[in-house]
Novice: 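Have a look at this one before I ask anything.
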Amino acid sequence: MTLPVSFNEPTSLLQRVAEDLEYADLLDVAADRSDSMERMVYVAAYAASEYASTIGRVAKPFNPLLGETFEYVRPDKGYRFFVEQVSHHPPIGAAWAESPKWDYYGESALKSKFYGKSFDINLLGTWFLKLRPASGGEELYTWKKVTSSVIGIITGNPTVDNYGLMEIKNWTTGEACYLDFKPRGWKASSAYQVAGRIVDKGGSPKWSIGGRWNDKIFARHTPGYEVDVSSQDPESSKTFLVWQCHSRPSGIPFNLTPFVITLNALPEDLKQYLPPTDTRLRPDQRAMEEGEYEIAADEKHRAEEKQRAKRRERETKGEEYQPKFFTRKKCPITGEEYWAHNGKYWAAREARDWSICEDIF
């Protein structure tokens with residue numbers, strides 16, 4: 001079913017995945033910590049920070065077309081990221097980010113359900129983090145995202161809430177963090193709360209972590225544990241700030257964050273490197289950003305019809321769509337299947353040869 005363009009915000013679901021990286025500096029801090037428990041504190045804060053940009057975001061991102069891509073390269077921060085829509089039914093985006101200190105990858109697969117008064121989005125994919133601590137070696141962390149919900153649809157005052165239990169596991173050490181995103185209650189003071197504990201491989205709690213996922217996350221040693229850590233250090237029992245959300249100026253259309261606004265920028269010197277499948281080259285989304293709603297609606301309908309025609313053509317020929325930049329593999333540590341970057345994206349970018357890409361727009 002084609003929804004009217006007025007339901008959308010001028011971003012793509014692929015760009016929503018890129019929003020995870022706004023606070024990627026937490027992963028750099030984690031890698032620099034010599035203690036694995038402290039590394040988990042910062043990894044958990046990063047996993048919670050991924051929800052900060054959802055506040056007020058009640059409009060729908062554009063559904064990516066099959067084969068659509070989006071890249072985000074930050075030489076100043078030492079990482080690069082790209083995501084490809086590898087399946088249309090069910091909708092799945094495969095993402096890969098890499099830096100000298102870490103790799104972050106996974107799939108953006110979701111299932112939505114409408115309850116009449118609310119709209120729930122269940123995110124199904126597992127996210128993997130390979131951390132390379134300064135002390136040497138490599139650690140593998142995994143987690144799944146919690147449920148996002150748009151409530152208050154009937155009252156005309158829609159609000160975004162995120163709730164559920166998130167388990168972040170360090171497969172290398174056996175340590176884990178359990179983060180509980182509390183459902184929003186009737187009182188405003190109960191909104192956005194997250195609380196958790198970090199346990200050692202034996203299940204004993206060593207750290208407490210919590211705060212609000214839209215504002216600040218704090219951590220401290222669990223009472224009693226600080227004596228084990230450093231009986232000489234009275235500072236060890238104190239609470240400290242792990243993460244703080246960037247400020248959100250009011251008046252930005254669709255309640256986008258300043259970080260999100262940068263994702264759609266298309267400077268000329270970048271344009272020459274992008275594949276023809278990049279979201280920033282998508283005519284309907286670009287027209288909507290420029291306020292040309294009728295053109296956006298026409299272009300959205302045209303692109304979706306073009307995609308349907310291509311699917312029918314493949315079905316007639318008995319062909320199955322093959323992603324261009326990802327291959328399905330099984331993680332030898334967790335036993336889970338995941339989408340592995342096959343190396344072709346950055347090679348094609350360097351050669352400026354995008355003949356591998358289909359004409360989707």
Novice: List in chain and number order the residues that pass salt bridge (Lys or Arg N to Asp or Glu O under 4.0 Å) with Asp200, two or more places apart in sequence or in another chain; answer none if no residue qualifies.
Specialist: Lys206
Novice: What residues form a ring-ring contact (aromatic ring centres under 6.0 Å, His included) with Phe62, not counting sequence neighbours?
Specialist: none
Novice: Answer yes if Tyr51 and Ile209 sit in the same cluster of Ile, Leu, Val, Met, Phe, Trp and Tyr residues linked by side chain heavy atoms under 4.5 Å apart, and no otherwise.
Specialist: yes
Novice: Name all residues meeting the ring-ring contact (aromatic ring centres under 6.0 Å, His included) criterion together with Tyr105; count only those two or more places apart in sequence or in a different chain, and write none if there are none.
Specialist: Trp96, Phe128, Tyr338
Novice: Any side-chain heavy-atom pair from Lys111 and Leu123 closer than 4.5 angstrom?
Specialist: no
Novice: List, by chain and number, the other hydrophobic cluster members for Tyr163, where Ile, Leu, Val, Met, Phe, Trp and Tyr join if side-chain heavy atoms come within less than 4.5 Å, directly or indirectly.
Specialist: none
Novice: According to a hydrophobic-cluster definition based on side-chain heavy atoms being under 4.5 Å apart (Ile, Leu, Val, Met, Phe, Trp, Tyr only), do Leu131 and Trp143 belong together?
Specialist: yes
Novice: With ILVMFWY side chains joined below 4.5 Å, transitively, what does Phe218's cluster contain besides itself?
Specialist: Leu241
Novice: Any chance the side chains of Asp278 and Thr69 put a donor and an acceptor closer than 3.5 Å?
Specialist: no
Novice: Only counting residues at least two apart or in another chain, list the ones meeting salt bridge (Lys or Arg N to Asp or Glu O under 4.0 Å) with Lys306.
Specialist: Asp359
Novice: Quick one: side-chain hydrogen bond (donor to acceptor under 3.5 Å, both in side chains) pairs with a partner in residues 264-276, sequence neighbours left out?
Specialist: Gln15-Asn264, Asn264-Gln285, Asn264-Glu289, Gln272-Arg352, Tyr273-Arg352
Novice: Would you say Val41 and Ile198 make side-chain contact, with heavy atoms under 4.5 Å?
Specialist: yes
Novice: Between Asp284 (side chain only) and Ala296 (backbone N and O only), is there a donor and an acceptor less than 3.5 Å apart?
Specialist: no
Novice: Is there a donor-acceptor contact under 3.5 Å linking the side chains of Thr147 and Asn122?
Specialist: yes
Novice: Side chain to side chain donor-acceptor pair (under 3.5 Å) with Lys145: which of Thr126, Asp20, Asn162?
Specialist: Asp20
Novice: Have Tyr141 and Glu139 got a donor and an acceptor in their side chains that come within less than 3.5 Å?
Specialist: yes
Novice: The criterion is salt bridge (Lys or Arg N to Asp or Glu O under 4.0 Å); which residues satisfy it with Glu315, sequence neighbours excluded?
Specialist: Arg311
Novice: For the backbone of Glu71 and the side chain of Arg280, can you confirm whether one donor and one acceptor N or O come within less than 3.5 Å of each other?
Specialist: yes
Novice: Apply salt bridge (charged side-chain N to carboxylate O under 4.0 Å, His left out) to Glu38 and Arg33, showing your working.
Specialist: CA-CA 6 Å; Glu38 279 192 55; Arg33 290 292 181 267; 3.3 Å; yes
Novice: Which atom pair, heavy atoms only, marks the closest approach of Met166 to Ala47?
Specialist: SD-CB, 3.7 Å
Novice: Do side-chain atoms of Arg220 reach the backbone of Trp207 as a donor and acceptor pair under 3.5 angstrom?
Specialist: no
Novice: Any salt bridge between Lys330 and Glu336, counting N to O under 4.0 Å?
Specialist: no
Novice: Output a table of donor-acceptor pairs, distance under 3.5 Å, between side-chain atoms of residues 171-180 and any protein atom two or more places apart or on a different chain; print 'none' if there are none.
Specialist:
| residue | atom | partner | partner atom | Å |
| --- | --- | --- | --- | --- |
| Trp171 | NE1 | Thr142 | OG1 | 2.8 |
| Thr172 | OG1 | Leu140 | N | 3.0 |
| Thr173 | OG1 | Asn170 | ND2 | 3.2 |
| Thr173 | OG1 | Glu175 | N | 3.2 |
| Thr173 | OG1 | Glu175 | OE1 | 3.2 |
| Glu175 | OE1 | Ser36 | OG | 3.0 |
| Glu175 | OE2 | Ser36 | OG | 2.9 |
| Asp180 | OD2 | Lys182 | NZ | 3.2 |

Novice: With sequence neighbours excluded, what pairs up with Ala97 under the side-chain contact (heavy atoms from CB on, under 4.5 Å) test?
Specialist: Leu21, Phe81, Trp102, Tyr104
Novice: Please list, chain by chain and in numerical order, all residues satisfying side chain to side chain donor-acceptor pair (under 3.5 Å) with Glu19, sequence neighbours excluded.
Specialist: Ser53, Arg57
Novice: May I ask you to decide if the ring planes of Tyr345 and Phe82 are parallel, tilted or perpendicular, using 30° and 60° as cut-offs?
Specialist: parallel
Novice: Would you say Ile261 and Ile252 make side-chain contact, with heavy atoms under 4.5 Å?
Specialist: yes
Novice: I'd like to know if the side chain of Arg286 and the backbone of Leu281 have a donor-acceptor N/O pair within less than 3.5 Å.
Specialist: no
Novice: Could I get the full list of salt bridge (Lys or Arg N to Asp or Glu O under 4.0 Å) partners for Glu337, not counting sequence neighbours?
Specialist: Arg328
Novice: Output, in order, the C-alpha distance, side-chain angles, deciding distance and verdict of side-chain hydrogen bond (donor to acceptor under 3.5 Å, both in side chains) for Glu50 and Tyr23.
Specialist: CA-CA 8 Å; Glu50 297 175 339; Tyr23 301 99; over 6 Å; no
